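To keep things clear, I will list the structure first and then write my remarks on it.
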Amino acid sequence: MVFARGSISLRLYPHNELDARSILRELCDQAKLGLSVGFDGTMTSEHHGGFAGYLPNPLQVASFVLEETTSGWVAACPVLLPLRPVAQLAEEVAWLAVRHPGRVGLGVAAGALPLDFEAMGVDVADAVPRFKAELPRIVDMLRGRDLHPLEGDRALQACAQSPIPVLSAAASPAAARRAARCGAGILSEGMSDVERLRRICNAYDAAGGDQTKVIIRRVWMGPPPTTLIKRQRGVYDSYAGSGASFADDQTLSADDPDELAERIHATWRASGADAVNVRVHLPGVAPSDIRRQIMALGNEVIPLVRQMWVEANANQEPHR
């Protein structure tokens with residue numbers, strides 16, 4: 001099940017030091033590798049202009065991965081919702097799900113990087129208002145509801161029987177409550193500390209949210225590449241805005257698989273989340289090193305984390 005509670009997924013990024021053809025080949029190969037070694041699904045996310053190792057077309061890339069794999073789920077997560085006509089996005093996601101039943105999910109975010117909005121001819125000041133207005137629409141349409149002029153679309157009709165799950169990016173309790181009200185799950189950003197994540201997850205639960213709460217964590221087997229992590233942190237700081245403040249680096253690393261699994265599980269549980277999305281990519285890390293990380297995590301760490309999660313939840317009453 002896409003975005004299932006207890007799921008452990010892999011976040012993928014392009015290696016922009018490669019040419020375009022090689023970028024797609026490497027990304028699809030890494031996705032196939034991740035799904036083959038035990039990750040439940042993969043996610044790709046959106047920025048434009050080759051920004052810091054991101055993609056302009058995560059839904060299209062999701063379709064590439066889906067065509068090359070036969071198991072696991074794939075999600076464009078998040079897509080920058082204010083940059084797209086919502087009805088068109090819903091159509092594209094719905095038809096992709098027809099092609100790959102039970103393997104497609106969607107995440108959406110408002111966006112904040114000026115480059116993204118400048119490139120698309122959209123005022124960045126409109127991002128949040130448009131997102132607030134359109135989030136309920138995309139959730140409803142991917143449940144086959146309130147289709148209006150598109151009520152004759154067969155793929156959207158099918159969503160009434162097979163809804164496509166949607167995650168909404170949530171970096172604050174207010175954003176979590178908004179997602180809960182419209183029936184979306186939530187996706188955290190990976191730089192928040194556990195205490196902040198817990199407040200966001202608690203706000204979602206208190207607002208009646210009943211979908212999955214997913215946290216993102218950078219994970220590294222062995223000594224982490226601290227210089228590259230600091231460099232990427234500087235990129236994020238450069239566009240976060242004067243009112244934003246990120247916590248200290250949240251990378252989870254260890255030389256021993258058991259120790260790393262314990263750290264991942266402890267963070268996961270303490271945050272109040274239902275699922276975790278693992279990130280290993282950094283600009284400047286070679287594709288071969290990323291593939292080694294994916295294999296090591298999938299073969300040695302993820303099974304331990306999954307076992308810990310199952311055991312921790314075995315004797316608990318369902319909280320939904």
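Bear in mind the structure is a predicted one, so any value in this text is a computation, not a measurement.
Here the straight-line distance linking atom CD of Gln60 with atom CG of Leu96 works out to 11.0 Å at 0.5 Å rounding. For the atom pair Leu106 CG and Ile164 CD1, the distance stands at 8.5 Å (nearest 0.5 Å). Atom-to-atom distance recorded for Lys213:NZ and Cys201:SG is 5.0 Å, nearest 0.5 angstrom. Taking CE from Met295 and CG from Leu297, the interatomic distance works out to 11.0 Å, rounded to the nearest 0.5 Å. Of the inter-residue distances, the one linking Ile290 atom CD1 with Asp29 atom CG reads 14.0 Å to the nearest 0.5 angstrom. Here the SG-CG distance, from Cys159 to Leu142, works out to 5.5 Å after rounding to the nearest 0.5 Å.
Side-chain heavy atoms closer than 4.5 Å link hydrophobic residues (I, L, V, M, F, W, Y) into clusters, and following such links, possibly through other members, connects Trp309 to Leu197. In the hydrophobic cluster analysis, where Ile, Leu, Val, Met, Phe, Trp and Tyr join through side-chain heavy atoms closer than 4.5 angstrom, Ile215 is grouped together with Trp220. Val74 and Ile302 end up in the same hydrophobic cluster when Ile, Leu, Val, Met, Phe, Trp and Tyr side chains are linked at under 4.5 Å. Hydrophobic cluster membership differs between Leu304 and Phe39, with clusters built from Ile, Leu, Val, Met, Phe, Trp and Tyr side chains linked at under 4.5 angstrom. Val122 and Ile138 fall into different hydrophobic clusters, where Ile, Leu, Val, Met, Phe, Trp and Tyr are joined by side-chain heavy atoms under 4.5 Å apart, directly or via other members.
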Practice task
Please lay out, stage by stage, how Val104 and Val2 fare under the test side chain to side chain contact (heavy atoms under 4.5 Å, CB included).
Solution key: CA-CA 7 Å; Val104 175; Val2 181; 5.8 Å; no
Practice task
Just do the side chain to side chain contact (heavy atoms under 4.5 Å, CB included) check on Met141 and His148 with the steps written out, would you?
Solution key: CA-CA 10 Å; Met141 294 185 77; His148 302 300; over 6 Å; no
Exercise for the section: Using the side chain to side chain donor-acceptor pair (under 3.5 Å) rule, take Thr69 and Arg103 through it: C-alpha gap first, then chi angles, then the decisive distance, then the call. Expected result: CA-CA 10 Å; Thr69 56; Arg103 300 186 63 204; 2.7 Å; yes
Exercise for the section: Show your working on side chain to side chain contact (heavy atoms under 4.5 Å, CB included) between Asp140 and Arg137 and close with a plain yes or no. Expected result: CA-CA 5 Å; Asp140 281 343; Arg137 286 191 63 206; 5.9 Å; no
Practice task
Let me see the working for Phe131 and Ser168 under side chain to side chain contact (heavy atoms under 4.5 Å, CB included), right down to the final yes or no.
Solution key: CA-CA 10 Å; Phe131 180 79; Ser168 176; 3.4 Å; yes
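Ion pairing of Asp249 with Lys230 is absent here, as no side-chain N (NZ or NE/NH1/NH2) approaches a carboxylate O to less than 4.0 Å. Checked for salt-bridge contact, Glu259 and Arg263 meet the test: a charged N lies under 4.0 Å from a carboxylate O. Taking a cutoff of 4.0 Å between a charged side-chain nitrogen and a carboxylate oxygen, Asp289 and Arg292 qualify as a salt bridge. Using a cutoff of 4.0 Å between basic side-chain nitrogens and carboxylate oxygens, Arg84 and Glu134 are not scored as salt-bridged. Checked for salt-bridge contact, Glu26 and Arg291 meet the test: a charged N lies under 4.0 Å from a carboxylate O.
Between Tyr13 and His281, the ring planes are tilted. Angles from 30° to 60° get that label.
A donor atom on one side chain and an acceptor atom on the other are not found under 3.5 Å apart for Ser9 and Asp40. Under 3.5 Å, the side chains of His265 and Glu311 contain no donor-acceptor pair of N or O atoms. Between His47 and Asp116, the side chains place a donor N or O and an acceptor N or O closer than 3.5 Å (distance only, hydrogens not considered).
Residues Met43 and Leu10 form no side-chain contact, since every pair of their non-hydrogen atoms from C-beta on lies 4.5 Å or further apart. For the pair Val276 and Val219, the minimum side-chain heavy-atom distance is 4.5 Å or more. The shortest side-chain heavy-atom distance between Arg218 and Leu282 falls under the 4.5 Å cut-off. Looking at heavy atoms from C-beta onward, His15 lies in side-chain contact with Leu18 at the 4.5 angstrom threshold. Two residues are said to be in side-chain contact when any heavy atoms from C-beta on lie closer than 4.5 Å; Leu83 and His48 meet this criterion. Inter-residue side-chain proximity for Met221 and Ser253 is flagged as unmet; no heavy-atom pair is nearer than 4.5 Å. For the pair Glu46 and Leu55, the minimum side-chain heavy-atom distance is 4.5 Å or more. Pro58 has its side chain out of reach of Ser45: every pair of non-hydrogen atoms, C-beta onward, lies at least 4.5 Å apart.
Taking each heavy atom of Gly190 and Gln250 in turn, the nearest pair found is O-CB, 4.0 Å. Smallest separation of non-hydrogen atoms from Ala125 and Pro129: O-CD, 3.6 Å. Ala87 and Leu150 make their closest contact through CB-CD1, 3.7 Å (heavy atoms, listed as atom of the first residue, atom of the second, distance). Between Thr251 and Pro224 the shortest heavy-atom distance is CG2-CB, 4.4 Å. The minimum heavy-atom distance linking Thr44 with Leu27 is given by the pair CG2-CD2, 4.4 Å. Here the closest non-hydrogen pair linking Gln157 and Arg154 is OE1-NH1, 3.1 Å.
Applying the 6.0 Å contact sphere to CZ of Arg25 captures more than 12 heavy atoms from other residues, nucleotides or ligands. The neighbour count for Met308 CE, taken as heavy atoms of other residues, nucleotides or ligands under 6.0 Å away, is above 12. Within a 6.0 Å sphere centred on CD of Glu118, heavy atoms belonging to other residues, nucleotides or ligands number 12 at most. Crowding of Lys32 atom NZ: a count of heavy atoms from other residues, nucleotides or ligands under 6.0 Å exceeding 12.
Formation of a donor-acceptor pair under 3.5 Å by the Ser271 side chain with backbone atoms of Ala273 is found in this model. With Arg306 contributing its side chain and Gly38 its backbone, the two residues share a donor-acceptor pair below 3.5 Å. At distances below 3.5 Å, not a single donor-acceptor pair connects side-chain atoms of Glu17 with backbone N or O atoms of Gly284.
Contacts classified as ring pair (Phe, Tyr, Trp, His ring centres under 6.0 Å) and involving residues 73-127 (residues at least two apart or in different chains) are given here: Phe3-Trp73.
In this structure, Arg177 fails the cation-pi test against Tyr204, since its NZ or CZ atom is not both closer than 6.0 Å to the six-membered ring centre and inside 45 degrees of the ring normal.
If you run side chain to side chain contact (heavy atoms under 4.5 Å, CB included) between Val93 and each of Val166, Val79, Leu59, only Leu59 comes through.
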Residues 178-188 side chain polar contacts: donor-acceptor under 3.5 Å, at least two apart:
from	atom 1	to	atom 2	distance (Å)
Ser188	OG	Ile216	N	3.2

